[in-house]
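Keep in mind the model is a prediction, meaning the values are calculated, not measured.
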Amino acid sequence: GENVEQHPSTLSVQEGDSAVIKCTYSDSASNYFPWYKQELGKRPQLIIDIRSNVGEKKDQRIAVTLNKTAKHFSLHITETQPEDSAVYFCAVGGQAGTALIFGKGTTLSVSS
Amino acid sequence: EAQVTQNPRYLITVTGKKLTVTCSQNMNHEYMSWYRQDPGLGLRQIYYSMNVEVTDKGDVPEGYKVSRKEKRNFPLILESPSPNQTSLYFCASRLGGVLGEQFFGPGTRLTVL
């Protein structure tokens with residue numbers, strides 16, 4: 001089955017710096033790559049996703065890049081703010097109706 | 001308002017006392033699933049359902065049961081809870097295809113003594 005590795009597990013940055021979180025996956029048939037943000041005590045919520053026919057997608061300060069050949073994708077957050085502090089999960093999906101497999105999460109801390 | 005709801009939100013129980021955590025969604029989603037979240041282990045899928053009367057095991061199904069008699073409801077049943085099932089549980093739903101947003105419920109904090 002699919003295996004998703006997420007790194008780093010913790011990341012501390014100064015406000016205004018960039019943050020990058022990387023995930024690798026094993027199944028070359030996977031074609032959907034979402035990122036979820038979970039604030040303390042809250043539920044995970046989708047912040048951005050990318051499909052396998054796209055290499056990069058941006059939404060204001062966040063972007064996701066996908067390298068299907070190498071089987072990895074990354075979340076980029078620019079100009080970080082304290083409210084970006086949260087746990088971020090990558091996930092990988094394949095054929096319709098199959099499960100989303102989540103990485104173990106990255107705890108991002110942004111200090112001002 | 002489109003949402004996934006879970007009840008109860010917090011539960012403290014004792015070993016062996018059967019319990020049910022309810023999950024309901026009002027978005028007419030075909031796909032529903034249950035996850036448990038433990039520190040350092042991320043979100044691990046317990047069971048999922050692709051439609052009414054169709055359920056399947058996820059990565060950590062031992063000690064859990066589910067049923068999907070109606071499209072909107074997907075209860076999680078612990079027939080004989082044990083302390084290692086102490087965890088934060090999330091229900092989630094999405095449209096039938098995988099290429100779309102998965103919506104999570106607010107979570108249920110379960111402690112088994």
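- Contact annotation for Q38(A): only side-chain heavy atoms (C-beta onward) come within less than 4.5 Å of a heavy atom of chain B.
- A salt bridge links E30(B) with K71(B); the closest basic N to acidic carboxylate O contact falls under 4.0 Å.
- Annotation for R109(B): atom CZ does not count as buried by contact number, only 12 or fewer foreign heavy atoms lying within 6.0 Å.
- Ring-plane geometry between Y31(B) and Y48(B) is classed as parallel, the angle between the planes falling under 30 degrees on a 0 to 90 degree scale with a further cut at 60.
- Both the backbone and the side chain of P44(A) come within contact range of chain B, with heavy atoms under 4.5 Å apart.
- Per-residue counts of heavy-atom pairs under 4.5 Å with chain A were compared for Q45(B), R44(B), Q37(B); the largest is that of Q37(B).
- Using modelled atom types and a 3.5 Å distance limit, the side chains of T80(A) and D17(A) yield no donor-acceptor pair.
- Of the listed residues G40(B), S33(B), G107(B), P106(B), the one with more heavy-atom pairs under 4.5 angstrom with chain A than any other is P106(B).
- Heavy atoms closer than 4.5 Å to chain B are found in the side chain of Y36(A), but not in its backbone.
- Note on D59(A) versus K57(A): no salt bridge recorded, every NZ/NE/NH1/NH2 to OD/OE distance being 4.0 Å or above.
- Looking at F104(B), both its backbone and its side chain come within 4.5 Å of chain A, counting heavy atoms on both sides.
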